[in-house]
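Read the structure below first, then the notes.
Each residue takes its place number in the sequence, starting with 1.
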Amino acid sequence: MEFVNQFHPALRYTWEISNEQISFLDIMITIDGNHLCTSVHYKSTDSHSYLTYTSSHPKSCKNSIPFSQLLRLRRLCSSEADFSKQSLDMIQFFKSCGYLDNVNSAALQRVHTITREESLRTEERADNHQCPPLVLTYHPATVAVSNVIMRNWKIISDHPTTTDIFKEQPIVSYRRDKNVKDHLVRSSLPQTDEETVANHGTVTCKRRRCNTCRHLRSNNSVAGPRGVYHIKKTFSCISTHVIHCISCKRHPTCLYIEEIERRLADRFTEHRHDILQFCVTSPDQFRSTSLPVTTPWMMLK
């Protein structure tokens, strides 16, 4: 252990040797005669920071937390006396987080009706995948949406225009709204202005037989008749839903600008085919046939 603790100053390994009890994860295993007894084990760093009752979460979600934690104690504690002691401590943890007494009492009474053997038994849940989910961002005001659907579901299911659309009553579920942490903490640091501008523009696709990338410009701006447009993202010839600009060395004042949904490489292949078929060599022909001007091409995105 002393050897592995020298690997990095931020890593510290510990060990525990005992002839009476040993902890494993959240379980404390104790030797009692010829039997092994189990109980809950809290690490020294455990602050018991459960979700506060004033948090903006569905009421059913908050009320289920004390029951789930007491049910965990029922599974871990092998003796009834130890469970009673540990459950009273758990109730105090929830009281410090603002949980109401009636919520804690109801959870404790519900757990007392479950034996340890029943708590360790795996139950098969019913398959409710046939019911369509209605996912809403949680807010105290959105709870009324669920109540409105429940009250008027018979009208929706019996009406001839909606009976085939809504065959099953949807399950209303909620997604978490953004909290203060989401607004203050970022998963990645933002790029500086120099890095952002340097990464913008058109890049090559790295394909071996690409006939489009050799005509691309890596500029991060496009100069047009009404000014200069700065490209704010990174694209390649396999990008879709882009606006591309084609210019000509022979007629530098002429620009062909087009918005496409397909890949740029596919559209550019059509341009090259049209040029070879129609042999467009002047701006007048470009205006009459709505085709690009001529080769050699230099493309921008």
Should the pair [X]-[Y] be classified as a salt bridge under the 4.0 Å nitrogen-to-oxygen rule?
X: E270; Y: R262; answer: yes
X: D26; Y: R72; answer: yes
X: R75; Y: E117; answer: no
X: D82; Y: K85; answer: no

Side-chain donor-acceptor pair present, [X], [Y], cut-off under 3.5 Å:
X: T137; Y: D177; result: no
X: E258; Y: H271; result: yes
X: N63; Y: Y53; result: yes

Partner residues of [X] under the side-chain hydrogen bond (donor to acceptor under 3.5 Å, both in side chains) criterion, sequence neighbours left out:
X: D182; result: R176
X: Y50; result: none
X: Q92; result: none

Any side-chain heavy-atom pair from N211 and T269 closer than 4.5 angstrom?
no

Show your working on ring pair (Phe, Tyr, Trp, His ring centres under 6.0 Å) between H273 and F268 and close with a plain yes or no.
CA-CA 9 Å; H273 177 267; F268 185 72; over 10 Å; no

[X] side chain to [Y] main-chain N or O, any donor-acceptor pair under 3.5 Å?
X: T38; Y: L76; answer: yes
X: N104; Y: L100; answer: yes
X: S157; Y: W153; answer: yes

Please state whether the rings of Y256 and H244 are parallel, tilted or perpendicular, taking 30° and 60° as the class boundaries.
tilted

